[in-house]
Amino acid sequence: MQQILNKIRSGHWVVMGILNVTPDSFSDGGQFNRLDHALKHALQMQKQGAEVIDIGGESTRPGAKPVSLDEELQRVIPVIATIREYSDVAISIDTSKPEVMQAAIMAGASMVNDVNALHAEGALEVCANQPVAVCLMHKQGNPQTMQDNPQYADIVDEIRQYLVARVSCCIKSGIRSENIFIDPGFGFGKTLENNLSLLKEMQQFCTLGYPVLVGLSRKSMFGALLGRDVEQRLVASTSAAVIAYRQGARFFRVHDVAETCDALKLCEAVL
Ligand code: 9MG
C-alpha cells in the first residue's frame with residue numbers, strides 16, 4: 001500500500017478493481033467455486049491494471065439490506081486469504097464494521113474503504129492501531145432510504161465540511177494523515193443533479209489536501225441521465241473518470257479496469 005500511496009502522492013493515478021462477494025455476484029453455490037471465481041476475477045483485474053482490489057460482502061446499493069456480522073465475515077475473509085495466497089496485489093476491505101475491518105487486516109488487507117467514514121463504534125481505533133490506508137466517504141442517510149429525498153443547501157460546501165471533520169477525527173484518533181483518502185460518495189444520498197454538481201466541482205475536493213478516490217463506475221446516475229441499463233454504462237463511467245481526473249482525482253474504484261486504465265493512460269500522456 002505504501003507504494004500506491006507514494007504513487008498517488010506524486011500525481012499518478014491508481015485503479016481499484018471492484019470485487020463484490022455478495023450472493024448475487026455468484027451464479028453457482030459451493031464455497032470452492034465461489035473462492036475460485038473470486039480469485040480468477042481478482043487476478044484478471046490485476047492483469048488489466050488494477051493495483052488494489054476492493055472486496056465487499058455487504059451491498060451498499062440503494063435499497064440494499066444490511067448483512068449480519070457473521071455472514072459478512074464468512075463472505076469476505078476466505079476470499080481475502082485466498083487472494084493473498086496467490087497474489088501480492090493490495091487488498092482493500094469495503095466494510096463499515098470494525099470486526100470485519102480487523103479480521104480483513106489480519107487476513108492481508110492493507111486498506112479500509114468505509115462508506116460510513118469510520119463512524120461505527122470502534123472503527124477509528126481499529127484503523128489507528130494498524131498500518132492501513134483508509135477511505136472516508138460521504139453519504140447522506142443509509143442505503144435503505146438514502147435516495148428517497150436527499151436534501152442539501154450547498155452540496156459541495158456541506159460535503160467538504162463533512163470530509164474535513166472526519167479527517168480531523170481520524171487524525172485525533174491516531175490515524176496518520178498520509179494514510180487518508182477522501183471521497184464525495186457519488187450516488188449515496190444524491191440526486192442526479194447533486195451528482196453532476198459534485199463531478200463539475202471535483203476540484204474543490206481535490207484541493208483539500210488529501211487524495212481523492214472516486215466511485216463512479218456504472219452508477220445509477222448514468223441510468224437516470226442516459227436511460228442505460230447497468231451493463232451499458234461503460235462509456236459514461238469512463239468519461240466521468242476522465243472528468244474527475246482532469247480536476248485532480250487520482251484513485252478510481254471501477255468495474256471495467258482495462259478500459260479505465262486506457263482512458264487514464266491517455267489523460268496522463270496528454271497532460
Ligand atoms: C463500496 N462503494 C460503492 N460505491 C462507492 C464509492 O463511490 N466510493 C467508495 N469509496 N466506496 C464505494
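Atoms within a ligand are numbered from 1 in the order they appear, just like the ligands themselves. Computed from a predicted model, the values in this text were never measured in an experiment. One is the number of the first residue; the rest follow in order along the sequence. The figures here come from the full heavy-atom set of this structure, side chains too, leaving out hydrogens, waters and symmetry mates.
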Next item on the list: Start with the C-alpha gap between K190 and H138, add the side-chain angles, then the distance that decides, and say whether side chain to side chain donor-acceptor pair (under 3.5 Å) holds.
Entry: CA-CA 10 Å; K190 280 112 186 168; H138 172 272; 2.8 Å; yes

Check: Any salt bridge between E99 and K97, counting N to O under 4.0 Å?
Finding: no

Notebook entry, point to check: Mind checking whether V132 and N179 have side chains closer than 4.5 Å, heavy atoms only?
Noted result: no

Margin query: So that I can tick it off, tell me whether R253 and D94 are bridged by a salt bridge, with the cut-off set at under 4.0 angstrom between side-chain N and carboxylate O.
Written below: yes

Notebook entry, point to check: Judged by non-hydrogen atoms, does F188 sit under 4.0 Å from ligand 1?
Noted result: yes

Margin query: Using a 3.5 Å cut-off on N or O atoms only, is D94 in polar contact with ligand 1?
Written below: no

Next item on the list: Go through ligand 1 atom by atom and flag the ones less than 4.0 Å from a non-hydrogen atom of T60.
Entry: 1 (C), 3 (C)

Checklist line | ligand 1 atoms in contact with C135 (distance to a heavy atom under 4.0 Å) | finding: 10 (N)

Next item on the list: Pull out every atom of ligand 1 sitting under 4.0 Å from any heavy atom of V115, numbered as shown with elements.
Entry: 1 (C), 2 (N), 11 (N), 12 (C)

Check: Could an N or O of ligand 1 be found under 3.5 Å from any N or O of D183, whether backbone or side chain?
Finding: yes

Next item on the list: Report the part of L216 in contact with ligand 1, treating N, CA, C, O as backbone and CB onward as side chain, heavy atoms under 4.0 Å; options are side chain, backbone, both, neither.
Entry: neither

Item checked: Protein heavy-atom partner closest to atom 11 (N) of ligand 1 - residue, atom, separation in Å -> N113 ND2, 3.1 Å

Check: Which is it for L213 and ligand 1 at heavy atoms under 4.0 Å: side chain, backbone, both or neither?
Finding: side chain

Check: Within the structure, does G215 bring an N/O atom to less than 3.5 angstrom of an N/O atom in ligand 1?
Finding: yes

Notebook entry, point to check: What protein heavy atom is closest to atom 7 (O) of ligand 1, reported as residue, atom name and distance in Å?
Noted result: K219 NZ, 2.7 Å

